[in-house]
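Structure, as structure tokens:
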Amino acid sequence: MYRIDIMTLFDETVGDMMSESILGRAQERDLLRIEAHQIRDYTRNKQRQVDDYPYGGGSGAVMQADPLYHCWQHITDTYGPGHTIYLSPCGRTFKEADARRLRDDYTHLILVCGHYEGVDERFIEGYVDEELSLGDFVLTGGEIPAMAVADAVCRLIPGVLSDPSCFEEESHWNGLLEYPQYSRPEEWQGRSVPAILLSGHHANVAKWRRKQAILRTRERRPDLYAKLDLSTKADQKLLRELAEETGE
């Protein structure tokens, strides 16, 4: 069973969120387990203090190493060693490839949520295996990134989604953005579903979707498009058709 432990100051909020919908049902079926741990429970003072002023001056406060360590130690003593990730704006940007790597290489993740001005560097040096970020921006805490990483990893675990095609055809799995999706009714506010999707011709539908995925990636994410391998005869034919259709 895949396990994720999240070290946080908001254990009830995080725990409730991770127990809803698809991930909640997966936990009920014992495919995975996600547990949030309150860092304040591992302080050694009556005030349950977890932060203090930074050495060298500056605004804000820094989360202390000791309560973080004792929370981490409780997790590893109870559930065994885990790959420890600190969610930080200084970390490498998290991508779909990381979700697949974390699913394939580990069965136990420990996600550390920082707050205030971050966490004492000594805890990072001693116990963190890697730092990950959601992007080039700063949030008030690590809970949202931790839940995002947990969700992205857990949905790839066999059995969590009904079929691998549920994620293998989505954006970023193979370097492409996902093709446009439509549902009922057939016409809505004067806009109709593309006729090809109503044809019942599966090969033509697959071709249309591939073409739309290529086009969408080229228009919206040229950085991703530049890395695509579109050298197959089928893709070269689609590119020629796209050039004719778009006049490029």
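In what follows, every heavy atom counts, from backbone to side chain, and hydrogens, waters and symmetry copies are set aside. Index from 1, following the sequence. Note that this is a predicted model, so its numbers are computed, not measured.
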How long is the span from the [atom1] atom in [X] to the [atom2] atom in [Y], to the nearest 0.5 Å?
X    : Y    : atom1 : atom2 : value
E20  : D151 : CD    : CG    : 12.5 Å
C154 : I34  : SG    : CD1   : 4.0 Å
E117 : Y53  : CD    : OH    : 13.0 Å
Q64  : N45  : CD    : CG    : 7.5 Å
E121 : Y86  : CD    : OH    : 8.5 Å
D11  : H37  : CG    : NE2   : 9.5 Å

For this session: Could you give me the CA-CA distance, side-chain angles and deciding distance for H70 and Y42, then say whether ring-ring contact (aromatic ring centres under 6.0 Å, His included) is met?
Result: CA-CA 6 Å; H70 286 292; Y42 300 90; 8.0 Å; no
For this session: Could you tell me whether L197 atom CG has more than 12 heavy atoms of other residues or ligands within 6.0 Å of it?
Result: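 Above 12, so yes.
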For this session: Kindly check if the number of other-residue, nucleotide or ligand heavy atoms within 6.0 Å of CZ (F137) is above 12?
Result: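 Yes, CZ of F137 has more than 12 neighbouring heavy atoms, counting only those of other groups under 6.0 Å.
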For this session: Take R209 and V205 through the side-chain contact (heavy atoms from CB on, under 4.5 Å) test and state the conclusion after the steps.
Result: CA-CA 6 Å; R209 285 175 168 172; V205 169; 3.8 Å; yes
Check whether any side-chain heavy atom of [X] lies under 4.5 Å from a side-chain heavy atom of [Y], and answer yes or no.
X    : Y    : value
L111 : I4   : yes
V112 : I85  : no
D235 : R210 : yes
T217 : K227 : no
L32  : R3   : no

Joint cluster assignment, [X] & [Y], ILVMFWY side-chain distance < 4.5 Å:
X    : Y    : value
L31  : M18  : yes
V128 : I39  : yes
M7   : L87  : no
W208 : I214 : no
L134 : V14  : no

For this session: Of all the heavy-atom pairs spanning R218 and T246, show the shortest one and how long it is.
Result: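 So the minimum-distance heavy-atom pair works out to NH2-OG1, 4.1 Å.
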Exercise. Do the side chain of T76 and the main chain of Q73 share a donor and acceptor less than 3.5 angstrom apart?
Worked result: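 Yes: the side chain of T76 pairs with the backbone of Q73.
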Exercise. Hey, is the main chain of A61 close enough, under 3.5 Å, to the side chain of D51 for a donor-acceptor pair?
Worked result: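 No; judged by distance alone, with no hydrogens or angles, the pair does not exist.
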For this session: Name the orientation class of the two ring planes belonging to Y79 and H74 (parallel below 30°, tilted from 30 to 60°, perpendicular beyond 60°).
Result: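 Perpendicular.
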Exercise. Hey, mind stepping through R92 and E130 against salt bridge (charged side-chain N to carboxylate O under 4.0 Å, His left out) and telling me if it holds?
Worked result: CA-CA 9 Å; R92 181 170 49 81; E130 67 175 304; 3.2 Å; yes
Problem set entry | Evaluation steps, side-chain hydrogen bond (donor to acceptor under 3.5 Å, both in side chains), between E143 and T8 | CA-CA 7 Å; E143 282 72 23; T8 173; 2.6 Å; yes
Problem set entry | From CA spacing to verdict: salt bridge (charged side-chain N to carboxylate O under 4.0 Å, His left out), E241, K207 | CA-CA 11 Å; E241 291 179 3; K207 177 182 175 181; 3.1 Å; yes
For this session: Please check if the distance between the ring centroids of Y69 and Y127 is under 6.0 Å.
Result: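 Between Y69 and Y127, the centre distance is under 6.0 Å.
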Exercise. Would R216 and E178 satisfy salt bridge (charged side-chain N to carboxylate O under 4.0 Å, His left out), going step by step from the backbone distance to the final call?
Worked result: CA-CA 8 Å; R216 176 173 282 190; E178 188 178 10; over 6 Å; no
